[in-house]
Structure formats: C-alpha cells, structure tokens
Amino acid sequence: MNWEIPLFEPDLGEAELEAVAQVVRSKWLTMGGRTAQFESEFASLVGCQHAVALNSCTAALHVALLALDVGPGDEVICPALTFVATANAIRYCGARPVFADVDSLECWNVSRASLEAVATPNTKAVMVVHYGGYPCAMPEILAFAKTRGLSVVEDAAHAPGATVDGRPLGGWGDVGCFSFFSNKNMTTGEGGMLTTNRYDVADRASRLRSHGMTTLTLDRYKGHAFSYDVVDLGYNYRMSELNAALGMAQLPMLSARNRRRAELVQRYRTNLRSAPGLSIPFGRPVGDPAYHLFVALLGEGIERSEVMTAMKTAGIQTSIHYRPVDTFTSYRRAGLGPSDRLTLTHAIGDRVLTLPLYPSMTDSQVDRVCEILIRSIAAATVA
Ligand SMILES: *Cc1c(COP(=O)(O)O)cnc(C)c1O
C-alpha cells in the first residue's frame with residue numbers, strides 16, 4: 001500500500017548514515033563506547049543518575065520488574081489501554097497483571113483513584129503508561145504508591161522529553177522504560193532504555209541485560225578483567241553500537257521534533273473543534289506532553305471500520321491504539337480477562353481512531369486528513 005499520508009514516518013538522514021558508518025569503520029559493534037555515551041546522554045535528558053541501554057522497551061520493562069523483585073504471587077497494576085508488551089512483562093516474571101481503568105473519556109491514563117480501586121494486599125508495584133505521550137498525574141500516583149509501599153514503573157515508551165512540573169517523565173517512579181522502535185518519537189530501529197536513580201536497580205538491570213555476568217566484554221578486551229562469574233539468571237538484552245549511534249544522532253533533534261508534534265496537534269484540534277461525530281481527548285493535559293499519538297474518540301453508533309476504509313481509499317493510513325489487552329485470546333486463556341470492570345477502557349477500545357502524526361508532516365497534510373475524516377464520518381453516519 002502506497003499511502004498518500006502514512007500513520008508515521010521516521011525522521012532519518014545524513015547524521016544517522018554517518019553515525020552508523022563510523023561504527024562499521026570502528027569494527028566494534030556492540031556494548032562499547034557509543035552505548036555508554038548514549039546512556040549518559042539519555043540519563044541527562046531524563047534527569048536520572050543511571051540509564052541502562054537495552055534492545056527494546058519490552059526488555060527494559062522485564063528487567064525493571066525483576067530488579068524490583070516482582071515474582072510469582074505478586075500483582076502488578078497496569079492499564080489495559082496500552083501496547084500488550086506492558087502487561088506481558090508482568091507475566092514474564094510470573095506475576096499477575098491487574099488492570100486499572102482509565103480516568104475518564106477525556107483523560108485516557110490511569111489515575112490515583114483507578115489504581116486504588118484495584119489494589120489488594122498482593123499488589124507489589126504499579127506500572128503506569130503515559131498514553132500517547134500525555135503524562136499521568138505523577139504527584140498523586142506517587143503519593144498513593146508511597147502510602148501502600150508500592151514500587152512504581154513508568155512505561156514511558158510514548159513520552160521521551162515530556163515533563164510534569166518541569167520534571168521529565170521516566171524520572172518520577174523507581175524506574176522509567178523507553179522505546180526506540182521505528183514508530184516512536186526517537187528511534188534506533190529496535191531499542192530501549194531503562195532510567196533510574198536507584199543504584200541497586202541499575203546494577204541488577206545491567207547484569208540481567210547480559211546473562212547475569214559480572215564483567216563486560218569491553219572490560220576484558222581492555223584488560224581490566226580476565227574472567228567472570230554468573231550471579232543471576234540473565235538474558236541477552238544488549239543494545240548494539242549501531243543502534244546506540246542512531247540514538248545519539250536522534251537525541252539532539254528530539255525536543256524540536258516534539259515541538260513540531262505539538263504544533264500539528266494544535267492544528268488538528270482547531271480544525272476538528274466543531275466537527276460532528278467525534279471528540280478529542282486530553283484537552284487539558286497534565287504537564288508538557290510528548291505528543292506521540294493523535295487520537296479521536298468517534299461518536300457512539302459510528303461504524304469505525306467504515307471510516308477507516310473510507311480513509312484508506314483516500315490514501316490516509318489510520319490505526320487503533322489500542323484494543324484493550326484484557327480482550328486478547330492469550331489473556332483470556334490465562335484467566336486474565338476480559339474484565340467487565342473496565343467500562344471506560346472498553347468504550348475507548350471500541351471507538352478510538354488514531355490519525356497520522358509525525359514531525360515531517362505538513363500543515364496541509366493535517367488539513368487534508370481532517371477534511372477526509374469529516375467526510376468519512378458523515379458517510380459512515382448516514383449508512
Ligand atoms: C512500543 C511500546 C512498548 C514496547 O516497546 P519495544 O521497544 O517495541 O519493545 C511498550 N509499551 C508501550 C506503551 C509501547 O508503545
């Protein structure tokens with residue numbers, strides 16, 4: 001399919017090409033100086049003492065929970081309106097994901113109240129997701145976690161560069177997890193980052209990333225160490241130098257690109273302000289968002305698949321973020337869903353429509369999407 005306007009488009013250019021070429025010329029392809037430098041620069045962005053680079057955000061979520069001693073018998077609260085990896089990471093640890101509903105049809109994040117509603121004596125941690133790059137109300141959520149002695153993991157896959165009260169997301173909880181998958185606000189192809197101010201968590205996460213080994217290949221190469229022990233059942237979750245080089249080339253562009261996303265979202269909002277048959281959530285966001293997704297909530301009774309088909313015919317790619325995790329077969333088979341408590345989450349899952357958003361999108365492309373959307377909704381309403 002050759003889209004006139006795709007859902008997303010990564011921004012890649014000469015800087016990325018040169019960065020990758022330098023790695024190839026250096027002949028050191030994994031876990032070297034570039035990864036260390038990328039970690040240090042990303043830690044500064046998030047205002048954290050430690051950053052651990054991994055080969056995905058999924059890996060970051062997994063080792064974050066392990067480093068917080070989440071295991072069998074524990075419950076971890078998370079939203080169901082998220083990418084499946086959030087909840088899968090909980091299941092990898094043998095723990096049980098317990099789904100909290102979103103705050104409202106206006107704010108699609110979990111809230112203190114929605115977390116409180118599903119907490120039990122077995123709750124060990126909460127894993128919040130900053131949906132679409134819109135920050136969760138972190139001060140209230142941290143206050144709640146503190147009263148119950150719960151750890152907090154932020155799935156900040158959508159939110160690099162977003163802040164609450166001037167403080168970056170991924171630096172509020174015990175651990176922050178970021179994704180550099182191709183469609184995220186910054187990309188390394190595949191990749192992830194774990195951020196934390198806790199030395200114990202960073203130390204354990206670095207070992208789990210590399211088979212639970214006590215020394216690194218680079219240390220042995222440099223002659224700092226001859227042998228190693230294995231002290232944890234670890235994984236191979238390492239980031240390659242090629243990915244780290246891409247990440248370093250992308251990092252300086254992140255804030256300008258997030259600002260451009262904000263402008264495009266503003267234009268969408270203005271264009272769609274009085275459009276019939278839809279509403280736009282997050283009208284008054286918490287903090288300063290990263291604007292990863294632009295989503296609309298279609299009116300009840302509008303046939304979403306008809307709208308999507310009409311837009312596809314006009315060359316415009318749309319998507320659904322997300323089908324709620326508790327409705328998937330794997331979750332049903334494991335006795336984890338579907339949950340009839342999640343009324344708002346399920347209403348959103350049935351009616352959400354994701355529209356194109358990426359920094360190189362033009363104002364006239366936004367106008368075109370809105371024009372086609374309004375026409376497609378009118379057609380789907382009459383039918
Ligand atoms: C993309 C995404 C992930 C997974 O990231 P990967 O780097 O692809 O593993 C996790 N959570 C959310 C909310 C995501 O959007």
Practice item. Heavy atoms only: give me the nearest Val366-Asn271 pair and the separation to one decimal. Key: CG1-ND2, 4.0 Å
Exercise for review: State, to 0.1 Å, how close Pro285 and Phe282 come at their nearest heavy-atom pair, and which atoms those are.
Suggested key: CD-O, 3.4 Å
Any donor-acceptor N or O pair under 3.5 Å, side chains [X], [Y]:
| X | Y | value |
| --- | --- | --- |
| Thr120 | Glu75 | yes |
| Glu190 | Ser56 | no |
| Thr188 | Gln250 | no |
| His346 | Asp101 | no |
| Ser330 | Arg91 | yes |
| His50 | Thr196 | no |
| Asn55 | Asn243 | no |
| Ser364 | Arg368 | no |
| Tyr268 | Asp367 | no |

Flag the pair [X] / [Y] as yes when at least one side-chain heavy-atom distance between them is below 4.5 Å, and no otherwise.
| X | Y | answer |
| --- | --- | --- |
| Asp174 | Glu154 | no |
| Asn109 | Val129 | no |
| Ile320 | Leu353 | no |
| Val175 | Leu194 | yes |
| Ile280 | Leu297 | no |
| Leu29 | Ser240 | no |
| Pro281 | Leu105 | no |
| Ile90 | Cys78 | yes |

Review point. Step by step, would you call Met193 with Val52 a side-chain contact (heavy atoms from CB on, under 4.5 Å)?
Key: CA-CA 6 Å; Met193 191 73 79; Val52 179; 5.7 Å; no
**Study point:** Glu39 and Arg209: CA distance, side-chain angles, deciding distance, salt bridge (charged side-chain N to carboxylate O under 4.0 Å, His left out) verdict
**Key:** CA-CA 14 Å; Glu39 289 175 335; Arg209 156 176 78 179; 2.9 Å; yes
Lys/Arg-Asp/Glu bridge criterion (N-O < 4.0 Å) met for [X], [Y]:
| X | Y | answer |
| --- | --- | --- |
| Asp363 | Arg260 | yes |
| Asp200 | Arg198 | yes |
| Arg96 | Asp74 | no |
| Arg25 | Glu18 | yes |
| Arg112 | Glu116 | yes |
| Glu263 | Arg259 | no |

Could you give the distance from [atom1] ([X]) to [atom2] ([Y]), rounded to the nearest 0.5 Å?
| X | Y | atom1 | atom2 | value |
| --- | --- | --- | --- | --- |
| Asp103 | Ser114 | CG | OG | 7.0 Å |
| Asn88 | Leu61 | CG | CG | 10.0 Å |
| Asn185 | Leu254 | CG | CG | 6.5 Å |
| Leu298 | Leu278 | CG | CG | 6.5 Å |
| Arg148 | Ile77 | CZ | CD1 | 8.0 Å |
| Thr345 | Leu81 | OG1 | CG | 5.5 Å |

Practice item. Please check if the distance between the ring centroids of Phe180 and Phe38 is under 6.0 Å. Key: yes
Point to revise | Output field: ring centroids His62/Tyr235 closer than 6.0 Å | key: yes
Counting N and O atoms only, with roles assigned by atom type, does the side chain of [X] sit under 3.5 Å from a partner on the main chain of [Y], one being a donor and the other an acceptor?
| X | Y | answer |
| --- | --- | --- |
| Thr86 | Phe83 | yes |
| Asn258 | Pro160 | yes |
| Asn236 | Arg238 | yes |
| Thr147 | Phe144 | yes |
| Thr309 | Ser305 | yes |
| Glu306 | Glu303 | no |
| Arg261 | His292 | yes |
| Asp155 | Ala157 | yes |
| Thr318 | Met308 | no |
| Arg323 | Thr327 | yes |

Exercise for review: Flag yes if Leu115 and Val153 sit in one hydrophobic cluster, no otherwise; membership is Ile, Leu, Val, Met, Phe, Trp, Tyr, and two members link when side-chain heavy atoms are under 4.5 Å apart.
Suggested key: no
Review point. Under a 4.5 Å side-chain heavy-atom rule over Ile, Leu, Val, Met, Phe, Trp and Tyr, are Val102 and Phe328 clustered together?
Key: yes
**Study point:** Other residues, nucleotides, ligands: >12 heavy atoms within 6.0 Å of Tyr228 OH
**Key:** no
Exercise for review: Name the orientation class of the two ring planes belonging to Tyr134 and Tyr291 (parallel below 30°, tilted from 30 to 60°, perpendicular beyond 60°).
Suggested key: perpendicular
Check your understanding: Once the angle between the rings of Phe42 and Phe178 is folded into 0 to 90°, is it parallel (under 30°), tilted (30 to 60°) or perpendicular (over 60°)?
Key -> perpendicular
Check your understanding: Got a sec, which residues hit side-chain contact (heavy atoms from CB on, under 4.5 Å) with Glu106, two or more places apart in sequence or on another chain?
Key -> Ser104
**Study point:** Worked check of side chain to side chain donor-acceptor pair (under 3.5 Å) between Arg257 and Ser360
**Key:** CA-CA 9 Å; Arg257 286 177 180 165; Ser360 58; over 6 Å; no
Review point. Could you walk me through whether Asp69 and Arg204 pass the salt bridge (charged side-chain N to carboxylate O under 4.0 Å, His left out) check?
Key: CA-CA 10 Å; Asp69 284 322; Arg204 183 101 193 275; 3.7 Å; yes
Check your understanding: Between Met311 and Val369, is a side-chain contact (heavy atoms from CB on, under 4.5 Å) present by the stated rule, with each step listed?
Key -> CA-CA 8 Å; Met311 297 198 64; Val369 172; 4.0 Å; yes
Practice item. Run the numbers on Arg332 and Leu336 for side-chain contact (heavy atoms from CB on, under 4.5 Å), then give the verdict. Key: CA-CA 6 Å; Arg332 190 162 36 74; Leu336 298 168; over 6 Å; no
Practice item. Under the side-chain contact (heavy atoms from CB on, under 4.5 Å) rule, what do Met138 and His130 come out as? Steps first, then yes or no, please. Key: CA-CA 10 Å; Met138 291 315 291; His130 305 294; 3.6 Å; yes
Practice item. If you link ILVMFWY side chains whenever their heavy atoms are less than 4.5 Å apart, which other residues fall into the same cluster as Tyr92? By chain and number, please. Key: none
